[in-house]
4 protein chains.
Amino acid sequence: MLPSPSEPSELSQPGQPTPQRRSEKSHRAILDAAMELCVEHGYGKVTVEAIASRAGVSKKTIYRWWPTKGAVLLEAVIELAGTTTGFPDTGDIAEDLHTQMTAVLDNVMTGPHATVYAGIIAETQHDATLADALRTQLLDPRIAAARARLLQAREHGHLAPGTDLTMLVDLLYGPLYYRLLLHLAPYSHARVRTHIDHVLRIFAPTPASP
Amino acid sequence: MLPSPSEPSELSQPGQPTPQRRSEKSHRAILDAAMELCVEHGYGKVTVEAIASRAGVSKKTIYRWWPTKGAVLLEAVIELAGTTTGFPDTGDIAEDLHTQMTAVLDNVMTGPHATVYAGIIAETQHDATLADALRTQLLDPRIAAARARLLQAREHGHLAPGTDLTMLVDLLYGPLYYRLLLHLAPYSHARVRTHIDHVLRIFAPTPASP
Amino acid sequence: MLPSPSEPSELSQPGQPTPQRRSEKSHRAILDAAMELCVEHGYGKVTVEAIASRAGVSKKTIYRWWPTKGAVLLEAVIELAGTTTGFPDTGDIAEDLHTQMTAVLDNVMTGPHATVYAGIIAETQHDATLADALRTQLLDPRIAAARARLLQAREHGHLAPGTDLTMLVDLLYGPLYYRLLLHLAPYSHARVRTHIDHVLRIFAPTPASP
Amino acid sequence: MLPSPSEPSELSQPGQPTPQRRSEKSHRAILDAAMELCVEHGYGKVTVEAIASRAGVSKKTIYRWWPTKGAVLLEAVIELAGTTTGFPDTGDIAEDLHTQMTAVLDNVMTGPHATVYAGIIAETQHDATLADALRTQLLDPRIAAARARLLQAREHGHLAPGTDLTMLVDLLYGPLYYRLLLHLAPYSHARVRTHIDHVLRIFAPTPASP
DNA sequence: AAGTAAGCGAGACGGTACGTCTTGTCTTTAA
DNA sequence: TTAAAGACAAGACGTACCGTCTCGCTTACTT
């Protein structure tokens, strides 16, 4: 194999700037500064100038690699959520869902990072580009993974054959986002379990008639 | 007597300015201008200056009565949603939910006003005061109304006795907001019906053992 | 005598409001408030609103009788200088000038009222109407009085026959205003005397030849 | 060596902004725009916004380098008067004074720029900082130059030995400012000559007793 | 090893909007 | 019926960020 760049789909701005002469030190400092600012002073206080200042970096450097402060935070959140990506497969779909959903809750929907995640989603309301990036880089892969796991469960007979996976995903995740974005109390781990049980009951496989 | 709040709770800034010497003409022009700007050019183009200019009003007049442009739009949205408030009571809980939920969808979650509503929710992520106002003035009354109707249904035996109303509301409305704010396709009226049926199935009253 | 108003040339706005039903109490309160504000907080802090507020008077009342805050202060200063108007006539022109000029210095060019007087003159630089009022109501009468006294001195042989009275007045008063408006130290009473002596020396009557 | 200040004293705001990365193009455009606005529409119409707009410059750029619109105009006037600075020395003090004083009259006390100069002096009545700047940067150097020339004349026997230079300067320049700021007709060149002759007569050297 | 071209820090720049202030007019309320 | 109280349109104030643009300096790829 030659030096194939092999990962062309950079999530930052793939514009003209170019190469791999990018300073990794600045890259890190920017992501960290953005995240810290958001956590410490709230999303509203995250400005490109503030990031630059705290990271000891020039504004130009930020604009060279990201189109928007939202993009910076998005990258930071993706990093954060990176660990949460995979679905486990223990054979017990309820258990696996619980594992994944509580991980999401703990990582980005409660605690200090909830602000960051909610802030990014907020920003996508006015920024179609960022909305695309959020979908492409964060949501779609995770939704796909969820559907894959659920599909497998359906095929294994743990869900009714005709189960509408889209609706199932909506019912599972919708309330989590609803509570995050409407400032309602987030689910506890226990409540997540109840929630999953309720939803799965809808799509339980044939009521096992004698 | 119904919980008619008899409208003492002004939704605008109840601060010092004072009384009812307020110009109703300006009030209207401001709400209209804000809504139009948002619909025509997007939430991002709604600035206090633009509202003032289009409404033929001075900025001071806006700041006298609202703390924030978000508060202006919130009042406009509340006005919009005002018609959607009540739950009908035909005796058929599924039907009544469908009536109310499609009204919400049509009024503020699809069409030109979706931008406005999503924009306000976005703004509440950075503005705790606005978040409070949204909750107090818009969400809480509607959630209470929904719970009241569901409670009645439970008492009439249309829902299982132990039904957790909070979770029921989460399951009903969560997916609507999830799809609005994550830029997924909104539900069609038909899909709302399916959705309601699925959710109610969870809490169906005792499997009727004759 | 009928109720002849007897003083038709009001120095305030001669506009439509007209009558003599004017509240003398408000009139006084406004003049006092304006003067106090200027003395206490500087000319810059004198706004119509501040005057109204301190005088317990509505803005409308001020605008009814004066066109400008400058006009209010002008009236106040005229009142102040009213006492200084007349020239004494002891027969000694140098002494009489000294009396008058030190009175002017003490009343409006030093002490707390210097700010007020300088401020009004400043305002006339941008306000032709006020400039006219200043000239007509304050300066011209005093210049005329000075010229009259000097003319008399010339006729009595205390000044050279061809003495240019205009230049004489310029030389006498110019330096006072120069020092006031350019923020140089004002003349002391003693220095005024020296100043007068110097200037009069120019126009001394014929050098008394044998 | 003459008191050549070698120009370390920047007349603009010497504050934090920093260096010589200043755009000379903007600098010029701002000074020109300010001066033009003042000449064309009067001092009152000179606002920072108007200057910025006409100069094609952002308000921030103005505030970065000057504390006040008055400071901008002051710099413009200083530039204007720059040419007038020096006193000639032909050996004839009356002639040299005439040269300098008519230059001042023509440059800043009559014609279109009189408004500007009078406006700045007006502004110093409410702005101590600007007053200082006016003194330090404009008046003091010129007064010093005048005194130097007069001192030399005294030493050469063209003025009486005990001549009070301060009073002499007051008498020479006072009437010019008095007429400028009190809206009286400015001196003509001929009248300046008469004026100088009169004043110098006071301090003529010993009556030449042969 | 020198040359060259990029990234980099710094920060000035033209803009836009902010939220506040004052002006002068107009309206409401109370005496 | 007058005047206080004060809301109003207008528009300048001085500040904060935006995103773009030089500057020199450093750093890492050429050749």
Side-chain angles (χ1 to χ4, degrees), chain A residues 16-27 29 44-53 55-69, chain B residues 16-23 25-27 29 44-53 55-65 67-69, chain C residues 17 19 21-23 25-26 44-50 52-53 55-64 66-69, chain D residues 16-23 25-27 29 44-53 55-65 67-69:
Chain A
Q16 320 82 320
T18 55
Q20 37 288 71
R21 303 163 102 215
R22 179 173 191 176
S23 155
E24 193 48 39
K25 205 174 114 215
S26 295
H27 190 166
K45 289 293 183 59
V46 182
T47 61
V48 174
E49 300 213 321
I51 298 173
S53 163
V57 138
S58 106
K59 285 164 61 179
K60 181 95 190 203
T61 300
I62 298 179
Y63 283 114
R64 186 159 20 234
W65 303 109
W66 293 274
T68 282
K69 73 179 177 191
Chain B
Q16 323 82 320
T18 51
Q20 36 287 73
R21 297 151 111 239
R22 178 173 192 176
S23 156
K25 205 173 115 216
S26 295
H27 190 166
K45 288 295 184 60
V46 181
T47 61
V48 174
E49 300 212 320
I51 297 172
S53 163
V57 137
S58 98
K59 285 164 60 180
K60 179 92 191 213
T61 299
I62 298 180
Y63 284 113
R64 186 162 15 238
W65 302 109
T68 280
K69 73 180 177 188
Chain C
R21 315 163 89 205
R22 178 172 190 178
S23 154
K25 205 174 112 218
S26 295
K45 289 294 182 58
V46 181
T47 60
V48 175
E49 301 216 319
S53 162
V57 138
S58 99
K59 285 163 62 178
K60 183 95 189 200
T61 302
I62 297 179
Y63 283 114
R64 194 171 357 250
W66 292 273
T68 282
K69 72 178 177 190
Chain D
Q16 324 81 320
T18 50
Q20 35 288 72
R21 295 149 112 241
R22 179 173 192 175
S23 156
K25 204 172 116 216
S26 296
H27 189 164
K45 289 294 184 60
V46 182
T47 60
V48 174
E49 299 211 321
I51 297 173
S53 163
V57 137
S58 98
K59 284 163 62 178
K60 180 86 194 216
T61 299
I62 298 179
Y63 284 114
R64 182 154 27 229
W65 302 109
T68 281
K69 73 180 177 188

- Query: Rounded to whole angstroms, how far apart are CH2 on W66(A) and C1' on dT20(F)?
  - Reply: 18 Å
- Integer-rounded Å distance: dA7(F) C1' and R21(B) CZ: 7 Å
- Task: Respond yes when some side-chain nitrogen or oxygen of W65(B) is under 4.0 Å from OP1 or OP2 of dC8(F), and no when none is.
- Result: yes
- Query: Is the charged tip of R21(B) near the ring of W65(B): under 6.0 Å from the six-membered ring centre and within 45° of its axis?
  - Reply: no
- Message: I need the CD1-P distance between I51(B) and dA9(F), as an integer number of Å.
- Response: 14 Å
- Message: Quick check for you: to the nearest 0.5 Å, what is the distance between K45(D) atom NZ and I51(D) atom CD1?
- Response: 14.0 Å
- Message: Assuming nearest nucleotide by heavy-atom distance, tell me which of E49(B) and A55(D) is located more 5' along DNA chain E.
- Response: A55(D)
- Item | Spacing between K59(B) atom NZ and dT20(E) atom P, to the nearest angstrom | 10 Å
- Taking only N and O in the side chain of S26(C), is any of them less than 4.0 Å away from OP1 or OP2 of dA4(F)? yes
- Task: Measure the distance from CD1 on I62(D) to C1' on dA16(F) and round it to the nearest whole Å.
- Result: 17 Å
- Looking only at atom types and distance, does a side-chain atom of K59(A) sit under 3.5 Å from a main-chain N or O of A52(A), one as donor and one as acceptor? no
- Query: Counting just side-chain N and O atoms, does T61(C) come under 4.0 Å of either OP1 or OP2 of dA4(F)?
  - Reply: yes
- Item | Distance test, side-chain N/O of R64(A) to OP1/OP2 of dC8(E), below 4.0 Å | yes
- Query: If you find the nucleotide of DNA chain E closest to S23(A) and the one closest to V48(C), which residue's nucleotide is nearer the 5' end?
  - Reply: S23(A)
- Where is the tightest heavy-atom contact between A29(B) and A55(B), given as atom of each residue plus distance? O-CB, 3.5 Å
- Query: Given that V46(D) and G56(C) both sit by DNA chain F, which one's nearest nucleotide is further toward the 5' end?
  - Reply: G56(C)
- Please report, rounded to the nearest Å, how far the P atom of dT2(F) is from the OH atom of Y63(C). 22 Å
- In whole angstroms, how far is the P atom of dG14(F) from the NZ atom of K60(D)? 13 Å
- Item | Smallest separation among heavy atoms of T47(C) and K69(C), with atom names | CA-CD, 4.5 Å
- Note on the structure: Rounded to whole Å, NZ of K45(C) lies from C1' of dT23(E) at a distance of 18 Å
- Message: Between T47(D) and T68(A), which residue's closest nucleotide on DNA chain F lies nearer the 5′ terminus?
- Response: T47(D)
